[in-house]
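Here the structure is laid out as structure tokens; the discussion comes afterwards.
Read the numbers this way: they start at 1 and go in the same order the structure lists the ligands and their atoms.
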Amino acid sequence: MDIATVNALPYEDFVDILGNVVEKCPIITAAVWSGRPFLSLAVLEAAISEFIDALPESGKEGILRCHPDLAGRDLQSGSLTRESHEEQAGSGMGALNSGEASRMARLNQEYKERFGFPFVICARMHDKENILRQLSARCQNERAVERARGIEEVKKICHLRLQSLVLTDNKL
Ligand SMILES: NC(=O)NC1=NC(=O)NC1=O
């Protein structure tokens with residue numbers, strides 16, 4: 001689908017197709033629809049980023065809380081969204097040995113208890129070793145640092161999800 005097609009979508013289809021570019025936060029997509037026509041995919045992506053940046057801290061933490069844990073209960077129960085399942089499987093989260101799985105669960109819990117929102121990372125950019133390393137290291141950060149870092153990761157996930165939905169080689 002190219003950006004001209006995106007711009008022509010009624011909001012129902014716009015949200016149906018692009019509503020999960022930020023995990024389980026279709027309100028973001030529904031809100032930015034008002035900004036069409038988007039001159040390019042990059043402009044649409046910037047509109048999403050600006051909407052997120054304008055949220056209060058509670059709104060940013062809310063976005064993070066909509067993300068399933070890596071190798072967590074949603075993966076175990078098969079209830080991940082299609083996008084999240086692909087991302088988690090691609091980074092080896094579905095193929096952890098028992099030691100890795102229990103370390104992941106322990107560190108995720110430690111992170112959530114410290115910050116009140118989950119550890120979020122763009123899984124498609126990391127392998128399982130690096131994810132564990134980042135989770136362990138980021139547990140030591142301050143809350144404000146991790147809120148900002150988590151949102152940065154959400155934007156990377158959003159960028160990759162948009163790339164897989166909308167052609168980027170043409171501009172209006
Ligand atoms: N907690 C997370 O980081 N979750 C995820 N990262 C991804 O890239 N996909 C997810 O589901």
Side-chain angles (χ1 to χ4, degrees), residues 15-30 32 41-42 44-49 51-53 55 57-166 168:
V15 176
D16 276 351
I17 296 166
L18 300 173
N20 204 44
V21 292
V22 176
E23 181 71 4
K24 296 185 180 172
C25 291
I27 186 175
I28 299 174
T29 302
V32 303
L41 177 60
L44 167 55
E45 190 173 335
I48 292 169
S49 184
F51 180 88
I52 293 172
D53 290 344
L55 291 173
E57 288 178 359
S58 60
K60 290 174 178 142
E61 293 182 2
I63 290 174
L64 297 175
R65 294 184 190 119
C66 287
H67 283 70
D69 284 353
L70 290 170
R73 63 182 188 185
D74 289 1
L75 177 73
Q76 309 308 334
S77 65
S79 58
L80 288 175
T81 60
R82 178 183 56 77
E83 296 90 341
S84 177
H85 183 265
E86 284 171 10
E87 289 151 358
Q88 295 211 26
S91 62
M93 288 296 106
L96 300 179
N97 63 41
S98 59
E100 292 165 332
S102 55
R103 184 156 182 258
M104 198 75 204
R106 178 174 54 79
L107 287 170
N108 268 328
Q109 192 55 32
E110 180 184 327
Y111 186 99
K112 280 192 273 190
E113 283 168 8
R114 178 173 167 84
F115 297 115
F117 49 78
F119 170 76
V120 177
I121 193 167
C122 182
R124 288 206 315 207
M125 297 169 82
H126 299 279
D127 59 19
K128 63 181 180 179
E129 288 76 19
N130 198 25
I131 286 172
L132 272 162
R133 221 178 354 259
Q134 294 265 342
L135 173 49
S136 176
R138 288 173 49 188
C139 274
Q140 314 309 320
N141 286 338
E142 292 304 313
R143 182 177 186 153
V145 169
E146 276 307 301
R147 183 188 304 118
R149 178 61 188 279
I151 289 298
E152 273 175 42
E153 295 298 315
V154 166
K155 291 178 180 179
K156 291 175 190 171
I157 297 167
C158 176
H159 173 77
L160 294 174
R161 289 185 180 186
L162 278 170
Q163 296 274 324
S164 67
L165 288 165
V166 182
T168 55

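Counting only distance, with no hydrogens or angles, the side chain of Ser136 and the backbone of Leu132 share no donor-acceptor pair below 3.5 Å. With hydrogens and angles disregarded, no donor-acceptor distance shorter than 3.5 Å links the side chain of Glu100 to the backbone of Glu129. Proximity of a side-chain donor or acceptor of Glu146 to a complementary backbone N or O of Cys139 within less than 3.5 Å is not detected. Side-chain atoms of Asn108 never come within 3.5 Å of backbone atoms of Phe119 as a donor-acceptor pair (strictly under, hydrogens ignored). With hydrogens and angles disregarded, no donor-acceptor distance shorter than 3.5 Å links the side chain of Arg124 to the backbone of Gly90.
Residue contacts with ligand 1 for Ile157 involve side-chain atoms from C-beta outward but no N, CA, C or O (heavy atoms, distance under 4.0 Å). Proximity of Glu23 to ligand 1, defined as any heavy-atom pair under 4.0 Å, is not found for any part of the residue.
For Val120, no nitrogen or oxygen atom sits less than 3.5 Å from a nitrogen or oxygen atom of ligand 1, counting backbone and side chain alike. Checked by distance only, ligand 1 and Glu87 come closer than 3.5 Å through their nitrogen or oxygen atoms.
Less than 4.0 angstrom separates some heavy atom of Ser84 from each of these atoms of ligand 1: 10 (C), 11 (O). Atom numbering of ligand 1 starts at 1 in the shown order; those under 4.0 Å from a heavy atom of Ala123 are 7 (C), 8 (O). Against a heavy-atom cut-off of under 4.0 Å, Cys122 is close to the following atoms of ligand 1: 8 (O).
A salt bridge does not link Lys60 to Glu57: none of the charged side-chain nitrogens sits closer than 4.0 Å to a carboxylate oxygen. By the 4.0 Å N-to-carboxylate-O rule, Glu86 lies close enough to Arg82 to be salt-bridged with it.
Here the heavy atom of the protein found nearest to atom 3 (O) of ligand 1 is Ile121 N, 2.9 Å. In this structure, atom 5 (C) of ligand 1 lies nearest to the protein heavy atom Leu70 CD2, 3.7 Å.
Heavy atoms of Pro68 come nearer than 4.0 angstrom to ligand 1 in at least one pair.
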